[in-house]
Engineer: 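Dropping a structure here in structure tokens format, bear with me for questions.
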Number of protein chains: 2
Amino acid sequence: MPRKALRQTACPTCSVEATLNLIDGKWKIVILYKLLKGGTLRFNELRRLMPAVTQRMLTNQLRELEADGLLTRKVYPEVPPRVEYSLSVRGRSLEQVIMALKIWGDENLVTATRAEAA
Amino acid sequence: MPRKALRQTACPTCSVEATLNLIDGKWKIVILYKLLKGGTLRFNELRRLMPAVTQRMLTNQLRELEADGLLTRKVYPEVPPRVEYSLSVRGRSLEQVIMALKIWGDENLVTATRAEAA
DNA sequence: GCACATAGTGTCGAAAAGGATACTATTATG
DNA sequence: CATAATAGTATCCTTTTCGACACTATGTGC
């Protein structure tokens, strides 16, 4: 049984869509971006960087990213626990995608995201 | 009242996240990609290109993309009706983003999207 | 007169995603 | 003994998303 159902595809040949599925999830892109910029980060460091994300969601998203092979989770058998997250090679290969998103946003979302924004 | 609630942001300064919000929606990226490749397309042409998408969803996604200024909807007052969709200037500016997604997918998703895929 | 094509809309319900909150184990520190 | 820190879990609930399906108007072709 798949850990997470793959959603139905609009057109199976669309690698655009498949890629988007990987980074779909409310916080995944931000996590990847933070790791891209920050290198290795611990769980609570990520939390502090994204205060709006609940612990549960952060764990969820990290686990999915790990399952997709986009990041590496390294547990140190210490007390208090220490877990370090960093991009895997595959994750780092997403740099162009992430940066394309960032660049577009910087250029096009300076003031408002929607025309009718108050 | 906003047409669609903007979801809470992980970090307001992240243009990465904001950009992703614009193209978030199950079929938006594919629609944009089809229009990028196909130029101007009519409603039912899009439907045929994406058979898995219901009429209602296609309409929804097209309306949201229009509201975000990413595409142009041109209605011809004819019977039977004719409506043509094409990327706006703003929409076309997303080309780098869309192509980054496609290129990554082509290079990294050749066989399977998930390690545990049967 | 009937079906067909276009570009939709309306309603209902299921499923998935996400949020709030409380709880865990262990050790160090005071 | 009490508190704090780490990296989470567990449970419950609400919101959002998505799909199925039926329905619309109008003119053309048979």
Side-chain angles (χ1 to χ4, degrees), chain A residues 1-11 17 20-31 34-35 40-68 71-86, chain B residues 1-10 17 20-31 34-35 40-67 71-86:
Chain A
M1 103 192 58
R3 181 177 56 75
K4 179 192 177 183
L6 293 176
R7 34 183 222 179
Q8 203 181 2
T9 49
C11 60
E17 190 186 0
L20 196 65
N21 281 346
L22 277 188
I23 57 177
D24 188 39
K26 200 163 172 182
W27 317 105
K28 283 186 191 170
I29 268 285
V30 184
I31 293 172
K34 296 293 183 192
L35 290 175
T40 298
L41 293 171
R42 299 180 59 177
F43 185 81
N44 274 0
E45 287 179 310
L46 282 166
R47 274 192 77 190
R48 279 187 283 270
L49 289 171
M50 301 179 283
V53 187
T54 63
Q55 240 170 350
R56 197 182 74 94
M57 278 310 295
L58 185 54
T59 307
N60 270 2
Q61 305 278 289
L62 286 169
R63 290 295 143 82
E64 289 196 16
L65 289 169
E66 189 193 5
D68 284 326
L71 59 75
T72 305
R73 179 166 173 271
K74 191 169 180 185
V75 183
Y76 294 84
E78 301 175 2
V79 168
R82 181 155 64 107
V83 179
E84 289 182 347
Y85 292 92
S86 54
Chain B
M1 105 190 58
R3 183 177 52 76
K4 179 192 177 183
L6 293 174
R7 36 184 220 179
Q8 204 180 5
T9 49
E17 190 185 359
L20 195 65
N21 282 348
L22 277 189
I23 56 178
D24 187 38
K26 200 163 174 182
W27 317 106
K28 283 187 191 170
I29 268 287
V30 184
I31 293 172
K34 296 294 183 192
L35 290 174
T40 297
L41 293 173
R42 298 179 60 176
F43 185 81
N44 274 0
E45 288 179 310
L46 282 165
R47 274 193 78 190
R48 279 186 284 269
L49 290 171
M50 300 179 283
V53 187
T54 63
Q55 235 170 355
R56 200 182 72 92
M57 277 311 294
L58 184 55
T59 308
N60 270 2
Q61 305 278 289
L62 287 169
R63 291 294 142 84
E64 289 196 16
L65 289 169
E66 190 193 4
L71 58 75
T72 304
R73 179 166 173 270
K74 192 168 180 184
V75 183
Y76 295 84
E78 301 175 2
V79 168
R82 181 155 63 108
V83 180
E84 290 181 347
Y85 293 92
S86 54

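Each chain gets a letter, A, B and so on, in the order the sequences are listed, and its residues count up from 1. These numbers come from a predicted model, not from an experiment.
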Engineer: Considering only C/dT6, D/dA22, D/dA7, which nucleotide approaches the side chain of B/Gln55 most closely?
Structural biologist: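 For the B/Gln55 side chain, the nearest candidate turns out to be D/dA22.
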Engineer: What integer distance in Å separates B/Arg47:CZ from C/dT9:C1'?
Structural biologist: 13 Å
Engineer: Rounded to the nearest Å, what distance is computed from the CG atom of residue A/Leu41 to the C1' atom of nucleotide D/dA7?
Structural biologist: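 A/Leu41 atom CG is separated from D/dA7 atom C1' by 15 Å.
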Engineer: I need the A/Asp68 CG to A/Arg63 CZ distance, nearest 0.5 Å.
Structural biologist: 14.0 Å
Engineer: Using a cut-off of 4.0 Å on non-hydrogen atoms, how would the nucleic acid contact of A/Tyr85 be classed: base, sugar-phosphate, or nothing?
Structural biologist: sugar-phosphate
Engineer: Could you tell me how far apart A/Glu66 (CD) and D/dG8 (C1') are, to the nearest whole angstrom?
Structural biologist: 13 Å
Engineer: Please pick, from D/dG8, C/dT6, C/dA7, the nucleotide with the shortest atom-to-atom distance to any side-chain atom of A/Phe43.
Structural biologist: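 Nearest to the side-chain atoms of A/Phe43, counting from C-beta on, is D/dG8.
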Engineer: Give the rounded distance in Å between these two atoms: CG of B/Asn60 and P of D/dT17.
Structural biologist: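 In whole Å, D/dT17 P lies 10 Å from B/Asn60 CG.
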Engineer: Just compare D/dA5, D/dC18, C/dG8 and give me whichever is closest to any side-chain atom of B/Lys26.
Structural biologist: D/dC18
Engineer: Could you state the atom-to-atom distance from CG of B/Leu58 to C1' of C/dT9 in whole Å?
Structural biologist: 14 Å
Engineer: Whole-Å distance between C/dA17 P and A/Asn21 CG?
Structural biologist: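 A/Asn21 atom CG is separated from C/dA17 atom P by 10 Å.
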Engineer: Of the listed nucleotides (D/dA7, D/dT9, C/dA7), which one gets closest to any side-chain atom of A/Asn44?
Structural biologist: D/dA7
Engineer: Picking from D/dG19, D/dG8, C/dT6, which would you name as closest to the side chain of B/Met57?
Structural biologist: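 Nucleotide nearest to B/Met57's side chain: D/dG19.
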Engineer: From A/Lys26 NZ over to A/Asn60 CG, what is the distance, rounded to the nearest 0.5 angstrom?
Structural biologist: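 That separation rounds to 13.0 Å.
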Engineer: Take the protein atom CG of B/Asp24 and the nucleotide atom C1' of C/dG18, then report the distance between them rounded to whole Å.
Structural biologist: 13 Å
Engineer: Could you give the CD-to-C1' distance, from B/Glu84 to C/dG8, as a whole number of Å?
Structural biologist: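 To the nearest whole Å, that distance equals 16 Å.
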Engineer: Can you identify which nucleotide, out of C/dG18, C/dA20, D/dT6, has its nearest atom closest to the A/Thr54 side chain?
Structural biologist: C/dA20
Engineer: Does the side chain of B/Arg73 get closer than 4.0 angstrom to OP1 or OP2 of C/dA7 through an N or O atom?
Structural biologist: no
Engineer: Taking atom CG of A/Leu20 and atom CD of A/Glu17, what is their separation to the nearest 0.5 Å?
Structural biologist: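 So the CG of A/Leu20 and the CD of A/Glu17 are separated by 8.0 Å.
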Engineer: What nucleic acid atoms does A/Val83 come within less than 4.0 Å of, heavy atoms only: base, sugar-phosphate, or nothing?
Structural biologist: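 Contact class for A/Val83: sugar-phosphate only.
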Engineer: Say you draw a straight line from OG1 of B/Thr72 to CG of B/Leu65; how long is it, rounded to the nearest 0.5 Å?
Structural biologist: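 These two atoms lie 11.0 Å from each other.
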Engineer: With a 3.5 Å distance limit and no angle check, can you tell me whether B/Lys34 reaches the backbone of B/Val30 through a side-chain donor-acceptor pair?
Structural biologist: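 Between the backbone of B/Val30 and the side chain of B/Lys34 there is no qualifying donor-acceptor contact (under 3.5 Å).
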Engineer: Nearest-nucleotide wise, let me know which of A/Arg56 and A/Leu62 is further upstream toward the 5' end of DNA chain D.
Structural biologist: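 Closest to the 5' end, via its nearest nucleotide, is A/Leu62.
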Engineer: From the options D/dA7, D/dT9, C/dT26, select the nucleotide whose nearest atom is closest to the side chain of A/Arg82.
Structural biologist: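 Nearest nucleotide to the side chain: D/dA7.
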Engineer: Quick one: which of C/dA7, C/dT9, C/dG19 gets closest to the side chain of A/Trp27?
Structural biologist: C/dG19
Engineer: Nearest 0.5 angstrom please: B/Arg47 CZ to B/Arg42 CZ, how far?
Structural biologist: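 One finds 13.0 Å between CZ of B/Arg47 and CZ of B/Arg42.
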Engineer: Nearest to the side chain of B/Arg42, which nucleotide is it out of D/dA5, C/dG18, C/dA7?
Structural biologist: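 Nucleotide nearest to B/Arg42's side chain: C/dA7.
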